[in-house]
Structures are given as C-alpha cells and as structure tokens.
Amino acid sequence: MQPYDHKPMLMFAGWLVASLLAATAHAEYRTAKDEAVQLGAIAGDVQSVSFYVVASAGRYSLQGEAFKKASTLRVFRSCGGNCRMFLKPLLDHLSGATPGDCPVGQEDVLVEIGDKASLVYSYSGKVIQADGRCYLSQQGVGDILRKAGFFFD
C-alpha cells in the first residue's frame with residue numbers, strides 16, 4: 001500500500017484560502033464612482049442635507065459634534081425627494097476623484113445626507129472622505145459649491 005499524497009489537497013486548500021481572502025479584499029475596495037452611486041441612492045431616500053463649513057488656519061483636527069460647533073457656516077437644506085439631484089455636483093466631483101490615503105486634520109466641510117451618510121472634505125476640500133475611505137481630487141469642494149450655486153441659486 002502506498003502512502004497517501006497530501007500535496008494536492010494542501011494545494012487546493014491554499015488556493016481556496018487565497019481566493020477567499022482576495023474576494024474579501026475586493027469586497028472592501030470601492031471606486032469613487034461606486035461610492036458616488038451608493039451615496040446618490042442614499043440621497044434619494046432622505047429629505048434634507050446639512051452643510052457645516054469650518055474656516056480656520058493652522059493645524060487642527062475636528063470630527064462629529066466638535067466640527068459642527070466649530071463651523072462658521074451652517075446650512076440646512078430641505079430638499080424633499082430631490083436630494084439626489086441637489087447633491088449631483090458633489091456626487092460628480094466624488095466620481096472623478098481617485099482613491100488615496102486619509103490624512104488626519106484640516107477638515108473644511110462636513111455634508112450630512114439626512115442621518116444616513118456623510119462626506120467630509122479636508123485639505124482645501126481636495127480630500128474627500130466617505131464611509132471611511134478617502135479620495136483625492138484636483139478641484140476643491142469650494143469651487144464646486146460656488147459654481148453650482150449651492151446656497152444662493
């Protein structure tokens with residue numbers, strides 16, 4: 001009787017583990033366009049959007065309620081069933097961004113999409129954070145807000 005060769009079974013098990021890890025890693029990765037589509041779907045289900053803008057110099061890092069308290073401009077926009085269209089310029093801006101690192105601090109703008117999602121812009125609005133992922137854009141969010149007439153149209 002010949003001894004059983006375990007090598008094929010071990011190779012299969014290794015391949016299976018590697019495949020599962022790769023699938024899990026792929027599930028975590030989301031392009032900026034995927035993120036924008038997901039946020040657009042969320043925006044279609046909310047009735048309002050809130051903007052908080054911090055105008056500060058120097059080094060700082062603010063999150064959540066501290067960001068809201070430090071904001072120098074606060075805008076609450078009731079958009080009914082039209083929040084997705086209202087946010088379209090910001091979603092387009094996100095779609096054109098590239099994945100990047102999430103540097104800490106220098107947050108400029110917080111956009112709350114109802115109570116379901118948010119976008120945080122930092123470093124002159126060129127770093128966009130959504131759902132814990134960061135995306136980099138050549139254009140700052142301030143340019144987008146001004147061009148689209150967000151607050152005074």
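These numbers were taken from a predicted model, which means no experiment stands behind them.
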Which is it for Ser118 and Leu110 under the side-chain contact (heavy atoms from CB on, under 4.5 Å) test, yes or no, and what are the steps along the way?
CA-CA 7 Å; Ser118 64; Leu110 167 64; 4.0 Å; yes

Quick one, Tyr123 and Leu136 - any side-chain contact, counting heavy atoms below 4.5 Å?
no

Give, for atom CG of Asp45 and atom NZ of Lys116, the distance between the pair rounded to the nearest 0.5 Å.
5.5 Å

Show your working on side-chain contact (heavy atoms from CB on, under 4.5 Å) between Glu107 and Tyr121 and close with a plain yes or no.
CA-CA 6 Å; Glu107 296 85 0; Tyr121 294 86; over 6 Å; no

Closest heavy-atom pair and its distance - Val49, Cys79
CG2-SG, 3.8 Å

Quick one: list whatever passes side chain to side chain contact (heavy atoms under 4.5 Å, CB included) with Gln38, sequence neighbours left out.
Arg30, Glu35, Ile42

Once disulfide (SG to SG under 2.5 Å) is applied, what residue pairs with a partner in residues 86-146 remain, sequence neighbours excluded?
Cys102-Cys134

When the ring planes of Phe51 and Phe86 are compared, do they come out parallel, tilted or perpendicular, using 30° and 60° as the limits?
perpendicular

For Ala32 and Ala97 the tightest heavy-atom approach is CB-O, 3.3 Å

Closest contact, heavy atoms only, Gly105 versus Ser122:
O-CB, 3.6 Å

Which heavy-atom pair separates Ala43 from Leu87 by the least distance, and what is that distance?
CB-CD1, 3.9 Å

Check whether Val127 and Leu90 end up in the same hydrophobic cluster, where Ile, Leu, Val, Met, Phe, Trp and Tyr are linked by side-chain heavy atoms less than 4.5 Å apart.
no

Audit row: Val54, Phe67, side-chain contact (heavy atoms from CB on, under 4.5 Å) steps and yes/no:
CA-CA 7 Å; Val54 171; Phe67 188 96; 3.6 Å; yes

Looking at every non-hydrogen atom in both residues, tell me the closest pair between Cys83 and Ser48 and how far apart they are.
SG-N, 3.6 Å

Asp34 CG to Arg133 CZ distance, which is reported to the nearest 0.5 Å
9.5 Å

Quick one: pull up CE in Met85 and CG in Leu91 and give me the separation to the nearest 0.5 Å.
10.0 Å

Is there a side-chain contact between Val111 and Ser50, using heavy atoms and a 4.5 Å cut-off?
no

Is any NZ, NE, NH1 or NH2 atom of the basic residue among Asp92 and Lys88 found under 4.0 Å from an Asp or Glu carboxylate oxygen of the other?
yes

His93 side chain to Gln139 main-chain N or O, any donor-acceptor pair under 3.5 Å?
yes

Provide the full list of side chain to side chain donor-acceptor pair (under 3.5 Å) pairs with a residue in residues 65-75, sequence neighbours left out, each pair given once.
Glu65-Lys68, Lys68-Glu112, Ser71-Arg74

Do Leu39 and Leu94 have side chains that approach each other closer than 4.5 Å (heavy atoms only, starting at C-beta)?
yes

Which heavy atom in Asp108 sits nearest to a heavy atom in Gly125, and how many Å separate them?
OD2-N, 2.7 Å

Between atom CG of Asp143 and atom CD of Gln138, what is the distance when rounded to the nearest 0.5 Å?
11.5 Å

